[in-house]
Protein chains: 2
Amino acid sequence: MADAEPRKESASCPMDFILRMLMGPWTTYILYNLKSHGPQRFGELKRRVAGISAKMLTERLRTLEGAGLLRRDYEATIPPKVTYSLTKRGHELDGVLNSLAEVGLRWETEDAAARSQRAAELKAAE
Amino acid sequence: MADAEPRKESASCPMDFILRMLMGPWTTYILYNLKSHGPQRFGELKRRVAGISAKMLTERLRTLEGAGLLRRDYEATIPPKVTYSLTKRGHELDGVLNSLAEVGLRWETEDAAARSQRAAELKAAE
DNA sequence: TCTCTTGGTTACGAATTGGTACCTACTGGT
DNA sequence: ACCAGTAGGTACCAATTCGTAACCAAGAGA
């Protein structure tokens, strides 16, 4: 049973790295917000995502920063001002997110249509 | 602190449902394999993903089946034969996965280029 | 008869995850 | 003087997750 090769097939899947990033619980909300509302401060982002804890947000932002998807601008004013914005690389995901949203929207529409059709059939069957 | 609206903004993000699906640890490997190698049996899939436990694979397959992304054909022969294949809806993700792979590949190339350039600069600096 | 096969299910247990509470340092408002 | 807010860091605690191992059915081959 024991597989000789540890799992080198991950190399054959370049999207794996990206998905591992997008996979985080709140990641898409964050990217979506930064994409649609532009650069934002920590508290602004936290308020907008609504439900995320500061710890999670920090951790996600650090991960995304480390991946080069967003930039962190720290101004050591009093009170401190930290602004997050998408990098060029971060914006390259816009296309992916868009096609994802497109498919999601299509499914939503299809499901709604199927639901209303079933409802109509149910009504006709009475 | 308490947010008035529970978090209805999820509604504004139709890709969220999809990402919640793709987010699973092995999901992309499974979809990728089914996409590139066609319909496969359980054991075949398990061997190909190499590292996944039967439990995980089962759970992922059930989830994907429930989402209508793949179909499960069960033949009650002895030994049983279960074949999994992508549905039409499952194939609609091909485009997303492709653009994802495209971006991933581009980054890989860019990173490799940046690495070799840095190496060259280091060499020149000596 | 004993074992191997396929495609699972279930129980157990360890590890990771993520939330809550509390801490910083500094200032502005009351 | 005290509380709120800004941008977190840290400790602790509960819940979830995921792997491992054991088990199942029923036929085929040794």
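Here is how names work: the chains are called A, B, and so on, in the same order as the sequence lines, proteins then strands, and each is numbered from 1.
- Within the 4.5 Å cutoff, the side chain of Glu102(B) has no heavy atoms near those of the Leu105(B) side chain.
- The side chain of Arg72(B) contributes an N or O atom lying less than 4.0 Å from OP1 or OP2 of dG8(C).
- Counting only heavy atoms from C-beta outward, the side chains of Leu97(A) and Leu31(A) approach each other to under 4.5 Å.
- Note: OH (Tyr84(A)) to P (dA7(D)) measures 8 Å, nearest angstrom.
- Each side chain to side chain donor-acceptor pair (under 3.5 Å) pair with one or both residues in residues 111-120 of chain A, not counting sequence neighbours, appears once here: Asp111(A)-Arg89(B).
- DNA chain C is contacted by Arg41(B), Phe42(B), Gly43(B) of residues 34-46 of chain B, taking any non-hydrogen atom closer than 4.0 Å.
- For the pair Trp107(B) and Glu92(A), the tightest heavy-atom approach, listed with the atom from each and the gap, is NE1-OE1, 3.3 Å.
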Collect all protein-nucleotide pairs involving nucleotides 11-18 of chain C in which both atoms are nitrogen or oxygen and the distance is under 3.5 Å.
unit_1: dG18(C); atom_1: N7; unit_2: Lys55(A); atom_2: NZ; d: 3.3

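- Closest heavy-atom contact between Leu22(B) and Thr27(B): O-CB, 3.9 Å.
- Ile30(A) is listed as a side-chain neighbour of Leu61(A), based on a closest heavy-atom distance under 4.5 Å.
- Sorted by first and then second residue, the side chain to side chain donor-acceptor pair (under 3.5 Å) pairs with a member in residues 75-88 of chain A read Arg72(A)-Tyr84(A); sequence neighbours excluded.
- Side-chain contact check for Glu65(A) versus Arg71(A): every heavy-atom pair is 4.5 Å or farther apart.
- By the side-chain contact (heavy atoms from CB on, under 4.5 Å) test, Ser53(A) pairs with Lys55(A), Met56(A), sequence neighbours left out.
- You'll find the side chain of Tyr29(B) stays beyond 4.5 Å of the side chain of Ile52(B), heavy atoms only.
- Phosphate proximity of dA7(D) to Arg47(A): absent, as no side-chain N or O sits under 4.0 Å from OP1 or OP2.
- Met21(B) and Leu69(B) make their closest contact through CG-CD1, 3.8 Å (heavy atoms, listed as atom of the first residue, atom of the second, distance).
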Dump the pairs, protein N or O against N or O of nucleotides 25-30 of chain D, anything under 3.5 Å, distances to one decimal.
none

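- The nearest whole Å value for the distance from the CG atom in Leu57(B) to the P atom in dG8(C) is 8 Å.
- To the nearest angstrom, C1' of dT6(C) lies 16 Å from CG of Asp73(B).
- OP1 or OP2 of dT6(D) has not a single side-chain nitrogen or oxygen of Tyr74(A) nearer than 4.0 Å.
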